[in-house]
Amino acid sequence: MTKHSSQRIIIVGATSGIGREVALLLLKEGHQLGLAGRREEQLKELQKLAPDHICIRSIDIRREEAANQLDELIGELGGMDLYLHSSGTGHQNYGLSPDIELDTLETNGTGFTRMVTAAFRYFARQGNGHIAVISSIAGTKGLGAAPAYSATKRFQNTYLDALEQLACMQHLSIRFTDIRPGFVATGLLNDGKHYPMLMNTAYVARKIVSALHHRRRIAVIDWRYRIMVFFWKLIPPFVWKRLPVRN
């Protein structure tokens, strides 16, 4: 994706937070957008901003029909050059509530796989494309505060690695971008707790759009978190398990 070329971009998870902010920036650049999410009213509000540039579809990625609904949205948009997966959930869960853990697995695991593989199949038929996913630095290590969240983010990181190799095996011109933000002031962190180095969504969205333009393979946002992740990776397991790391 170059800064001056108009693209057909699908964003799943565009109703709020990072996905919405990225959609607004891409709209200003003149791209054709297909926006999806569970909340139809929020999608309609976005569409009112530029009806000629935005198609919408209410999609719950946890449902089996979500992949077919994505295909329908792509058809309405007239094709797809970039798929951005911004849909996800995450909660601190010290008590290991099964409902929280399983919902996180269903959304960040099953739903993610359902949508990303649908995008991959489309780009395989087309012969080229760009798949970008907003994962998290939480995938670096298992976080005791949020086991399912950190595990599913590691799953997403590894899944993209596998898809990239698969694309190479099949001689497909498909690019991949794994976007890994640190703490972002979205609804997921709106719990009254203090989070260090908290970033606002507008700042993160600008960094994401820049990573898309430059087709970065892995983009840790921002430089402070790149340093933190570097040192996280150096911590041996017997030390890590004793650290009171918060998600």
Side-chain angles (χ1 to χ4, degrees), residues 1-3 5-29 31-37 54 59 61 66-67 70 73-74 77 79-88 107-109 111-124 126-139 152-168 172-182 184 186 199 201-222 225-226:
M1 180 173 138
T2 62
K3 293 184 179 181
S5 61
S6 177
Q7 300 276 300
R8 297 164 300 179
I9 302 171
I10 299 286
I11 304 177
V12 173
T15 56
S16 63
I18 297 172
R20 185 179 188 278
E21 290 293 333
V22 170
L24 292 174
L25 290 178
L26 294 175
L27 180 62
K28 289 180 180 178
E29 294 182 352
H31 301 288
Q32 297 291 322
L33 304 180
L35 306 181
I54 297 177
I59 298 178
I61 67 172
L70 174 62
L73 180 58
I74 293 170
L77 189 63
M80 177 173 68
D81 303 301
L82 166 64
Y83 174 84
L84 175 61
H85 191 89
S86 181
S87 182
T107 302
N108 297 352
F112 162 85
T113 304
R114 177 178 289 119
M115 304 308 288
V116 170
T117 54
F120 185 97
R121 291 192 299 271
Y122 175 84
F123 288 141
Q126 180 170 270
N128 61 81
H130 185 180
I131 295 175
V133 171
I134 300 176
S135 61
S136 172
I137 64 164
T152 52
K153 291 305 176 178
R154 173 68 69 88
F155 170 82
Q156 292 178 0
N157 302 154
T158 304
Y159 204 90
L160 281 192
D161 289 343
L163 289 185
E164 184 176 44
Q165 186 181 70
L166 180 61
C168 186
L172 300 172
S173 181
I174 303 177
R175 293 182 176 273
F176 298 87
T177 298
D178 187 349
I179 300 160
R180 304 176 183 179
V184 185
T186 66
M199 301 178 290
T201 54
Y203 170 78
V204 172
R206 291 195 299 271
K207 293 292 185 180
I208 290 173
V209 171
S210 176
L212 296 175
H213 283 319
H214 293 93
R215 296 183 175 182
R216 296 272 302 278
R217 176 59 183 85
I218 296 175
V220 177
I221 302 173
D222 60 4
Y225 287 100
R226 287 195 290 272

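Residues D161 and R217 are paired through a salt bridge, judged by an N-O separation under 4.0 Å between the basic side chain and the carboxylate.
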inquiry  = Between L70 and Y83, does the side chain to side chain contact (heavy atoms under 4.5 Å, CB included) criterion hold? Intermediate values first, please.
reply    = CA-CA 10 Å; L70 174 62; Y83 174 84; 4.1 Å; yes

query = Run the side chain to side chain contact (heavy atoms under 4.5 Å, CB included) check on F155 and N108 step by step: do they pass?
reply = CA-CA 9 Å; F155 170 82; N108 297 352; over 6 Å; no

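Annotation for L172 and A124: closest pair CD1-CB, 3.8 Å, computed over non-hydrogen atoms. The two residues I134 and P181 make their nearest non-hydrogen contact at CG2-CG, 3.9 Å. Nearest heavy atom pair, residue H31 against residue S5, reads CE1-O, 3.1 Å. Here the shortest heavy-atom pairing between G34 and L73 reads C-CD2, 3.9 Å. Closest non-hydrogen pair, F176 versus A167, comes out as CE1-CB, 4.0 Å. Residue L212 comes nearest to H130 through the heavy atom pair O-CE1, 3.9 Å, listed as atom of the first residue, atom of the second, then distance.
Counting only distance, with no hydrogens or angles, the side chain of R180 and the backbone of S136 share no donor-acceptor pair below 3.5 Å. Side-chain atoms of S210 never come within 3.5 Å of backbone atoms of R206 as a donor-acceptor pair (strictly under, hydrogens ignored). For the pair Q126 (side chain) and M80 (backbone), a donor-acceptor distance under 3.5 Å is present. Proximity of a side-chain donor or acceptor of T177 to a complementary backbone N or O of R216 within less than 3.5 Å is detected.
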Quiz: residues 8-17 side-chain donor-acceptor pairs under 3.5 angstrom, not counting sequence neighbours:
| residue | atom | partner | partner atom | Å |
| --- | --- | --- | --- | --- |
| R8 | NE | D81 | OD2 | 3.1 |
| R8 | NH1 | G78 | O | 2.6 |
| R8 | NH2 | D81 | OD1 | 3.0 |
| T15 | OG1 | R39 | NH2 | 3.1 |
| S16 | OG | R39 | NH2 | 2.8 |

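With contacts defined as side-chain heavy-atom distances shorter than 4.5 Å, the pair I59/M115 qualifies.
Rounding to the nearest 0.5 Å gives a distance of 9.0 Å between CD1 of I18 and CD1 of I179. The distance from atom CG of L33 to atom CG of L26, rounded to the nearest 0.5 Å, is 6.0 Å. In this structure, CZ in R226 is found 12.0 Å from CD1 in I137, a value given to the nearest 0.5 Å. Atom CZ in F120 sits 11.0 Å away from atom CG in L160 (nearest 0.5 Å). With rounding to the nearest 0.5 angstrom, the CD atom of Q32 is 9.0 Å from the CG atom of L27. Note that the CD1 atom of I221 and the NZ atom of K207 stand 8.0 Å from one another [nearest 0.5 Å].
Between Y159 and F112, the two ring planes are perpendicular [angle over 60°; tilted spans 30° to 60°].
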